[in-house]
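Quick notes on the structure that follows.
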There are 2 protein chains.
Amino acid sequence: MQKKTSIYDIANALGITASTVSRALRGHTNISQEITQQVKDMAKKMNYRKNTVAVNLKNGYTKTIAVIIPQLNRQFFASAIDGIEEIASKSGYNVIICQTRNDVTKEKKAVQLLSESVVDGFIVSVVTDKSDYAHFRNVLDQQIPVVFFDRYPLASDFKRICLDDFEASMHAVEQLASLNKRKIFHFSGHQHVSIWRERTRGYLEGMKNLGIEVPKEWISENTLTHEAGVRAAEKMIRDNNIPDAIFSSSDHPLIGALFVLRKNGYRIPEDIAMTGYGNEMFTSYTQPSLSTVDQRSAEMGREAFVQLMRMIRGESIPDEIVLRHKLIVRESSMPAAAAGGAGVKKKPK
Amino acid sequence: MQKKTSIYDIANALGITASTVSRALRGHTNISQEITQQVKDMAKKMNYRKNTVAVNLKNGYTKTIAVIIPQLNRQFFASAIDGIEEIASKSGYNVIICQTRNDVTKEKKAVQLLSESVVDGFIVSVVTDKSDYAHFRNVLDQQIPVVFFDRYPLASDFKRICLDDFEASMHAVEQLASLNKRKIFHFSGHQHVSIWRERTRGYLEGMKNLGIEVPKEWISENTLTHEAGVRAAEKMIRDNNIPDAIFSSSDHPLIGALFVLRKNGYRIPEDIAMTGYGNEMFTSYTQPSLSTVDQRSAEMGREAFVQLMRMIRGESIPDEIVLRHKLIVRESSMPAAAAGGAGVKKKPK
DNA sequence: ATGAAAGCGCTAACAT
DNA sequence: ATGTTAGCGCTTTCAT
């Protein structure tokens, strides 16, 4: 295997120096048309490729950023990455993606590794926001910018882009209440993650504003998966404690509950209305279609990248950017009359 | 902003040389316990971080691979990346992800850029397999390994991991036929992409084996999106040309068709049975749940990475690895009796 | 067990 | 307009 050709090889072949070749290749002004052409021809002839690693070493940056997320397999994260990738590639940046699978150890390892001069910055949605984020503090200490989105650590010196989860949840609860639902249950997530806490807070505040007392059985903790939703619904039936409505912090458990409740003869939304969170693709495909909170994922991704760029350029940016949610009302929380025409679906966004 | 500390700084502080520091840091045998400890302490004290770019330049490789795919937002690709990422991170490799959004120009640009000493290898699912893959030939010429998966170019010197799309499609058609369906329509994709061609071939072969003539109106070309599925179903109704069953090369148009047909009073699967392709999450959430071909996405991703590693190590690998499909039969293609208990859903895998 | 020196490929400040 | 030189941070061969 022949060695790769470098600018020195081109220089030698042409009887000039490497600097000239370097300049010619980059279209520097102070190089004659003639030489420039010769260099380019020779480069092509010798099958020359720039060595980006050498350039990076010289420059001190890599034009690469890392995106660290819990999992790819969620509409929200997939779209957020879409948004990031879209402008990143326009700006000539590469994007390294790491899934933490909700494992703090993986998160630490990835951050540690990538912060060793591999990337110029991080866009992160954290596993947990409780206490254990020394690894990010560390990265910041090395002057590597970090922007958090959606799930952020609590410390004040971390920049973040997030949704108005609190308001969104209040909004969802109010909308359910507008259907004369009062016994509204809640599927919540781990309380050590910012977004789940905020959503639960919003639910509670919404209920409070409605003057509705919330017994603790109305809240189903750590109910974020399909299976957890199934279990929660089965418990409702077993305990003969059936709600008027459910507000879920995620679409996934809601689907599980939907199937169990429907199978047991409950009509959605007449008997039980439902609203989820995340605008997963499947929410417009179920019967009835599911109301859900859209998290503006692509915008969030784009915004995160834009802010990260500013930090990389040394500009100062706001500590927090809050995007406004979109409550998507579908059949599962429509007045019975309106939802009547079941089977009629709009195409998803 | 203070400059980052290098091994020279540590060496100076300790009155030793950089080579010793380098060796100590990597736990080289020939360095005394004592010095090793001193170096490590000093490194911590001076907040030293390895410069991966310098290491890469020295080593001539980056321990980074690129995954180039049409879009992230498909269950198949998301899971394939899951699979790749899983072992990649175990093997200490970073993964750069690029979406081509089905734009050959983007594909070329990304491949060109990343092949400039940025990555050690590529895992690719191509935009199109027709003629225009000089960019990959180019990469191979530079001794950078490439493994294709799912969608591959036709030339023989490209390695690939793929599904037995032809057999899978035949299988799906046979299964539909086993329900006494004979007028089986087909939603197909662009014929300039390997997988769509294979699936259509499998459909045709399956029909031929059943002794069923296929008029060309039975095949709906370029029907890969939700909207295209809606249009296709509307056309069936308009033309009063209703099938017994539909075999679709993608789950997405099938959903569109499902809603239109159901709204028009057709019962699924009694009047029209259906089978899709891709095992999107939503296929188990619809009513009826949709039969679909599972493409073994995670395995495919893992296999692609394993083969790529072998190529990187200089080992030779087979030209083609074919994974066996899984036909997932759900309510939309079950005998009417079995599908009777509609509303009962199994949780998705 | 440790040091000296060269070099990975490129760029840029400083000549001329 | 082109050349000279030094250096980005690390590893490694060859000494000692």
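Every value quoted in this text rests on a predicted model; they were computed, and no experiment measured them. By convention in this document, chain letters (A, B, ...) are assigned in the order of the sequence lines, proteins followed by strands, and residues within each chain are numbered from 1.
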Pair B:Glu116-B:Gln112, side-chain donor/acceptor within less than 3.5 Å
yes

Would you indicate, yes or no, if C:dG9 has its OP1 or OP2 atom less than 4.0 angstrom from a side-chain nitrogen or oxygen of A:Ser6?
no

Side chain A:Asp41, main chain A:Gln38, donor-acceptor under 3.5 Å
no

DNA chain D: B:Arg23 or B:Lys50, which has the more 5' nearest nucleotide?
B:Lys50

Ignoring backbone atoms, test whether B:Thr20 places a side-chain nitrogen or oxygen under 4.0 Å from the OP1 or OP2 oxygen of C:dG3.
yes

Over how many whole Å does the gap from A:Gln33 atom CD to D:dA1 atom C1' extend?
13 Å

Under 4.0 Å between a side-chain N or O of B:Arg49 and OP1 or OP2 of D:dC10?
no

Which of D:dT11, C:dA4, C:dT2 is nearest the side chain of B:Thr17? It is C:dA4

With a 4.0 Å cut-off on N to O distance, would you call B:Asp150 and B:Arg160 a salt bridge?
no

Given atom CG of B:Leu25 and atom P of D:dG9, what is their separation to the nearest angstrom?
15 Å

Within this structure, what is the NZ-to-C1' distance between B:Lys58 and D:dC8, rounded to whole angstrom?
14 Å

With distance as the sole criterion, is a donor-acceptor pair present between the side chains of B:Ser91 and B:Lys63 under 3.5 Å?
no

Looking only at side-chain N and O atoms, does A:Asn30 come under 4.0 Å of OP1 or OP2 in D:dA1?
yes

Rounding to a whole Å, what distance do you find between B:Asn56:CG and D:dC10:P?
12 Å

Given atom CG of A:Leu57 and atom P of D:dA6, what is their separation to the nearest angstrom?
18 Å

Take the protein atom CG of A:Asp9 and the nucleotide atom P of C:dG9, then report the distance between them rounded to whole Å.
8 Å

For a quick test of reading the model: is some side-chain N or O of A:Ser19 closer than 4.0 Å to OP1 or OP2 of C:dT11?
no

B:Arg26 CZ - D:dC10 C1' separation (whole Å):
8 Å

Going by the ring-ring contact (aromatic ring centres under 6.0 Å, His included) test, name the single residue among B:Phe122, B:Tyr152, B:Phe149, B:Tyr133 that passes it with B:Phe158.
B:Tyr133

OP1 or OP2 of D:dT11 sitting under 4.0 Å from any side-chain N/O of B:Ser22?
yes

Give a yes/no answer on whether the side chain of B:Tyr61 brings an N or O atom under 4.0 Å of OP1 or OP2 in D:dT11.
no

Taken to the nearest whole Å, CG/B:Asn59 to P/D:dT13 is 12 Å

B:Ile16 side-chain proximity, nearest of C:dG9, C:dA1, C:dG3:
C:dG3

Proximity to the side chain of A:Ile35 - top-ranked nucleotide from D:dT2, C:dT11, C:dT2
D:dT2

Between A:Tyr8 and D:dG3, is there a side-chain N or O to OP1/OP2 distance below 4.0 Å?
no

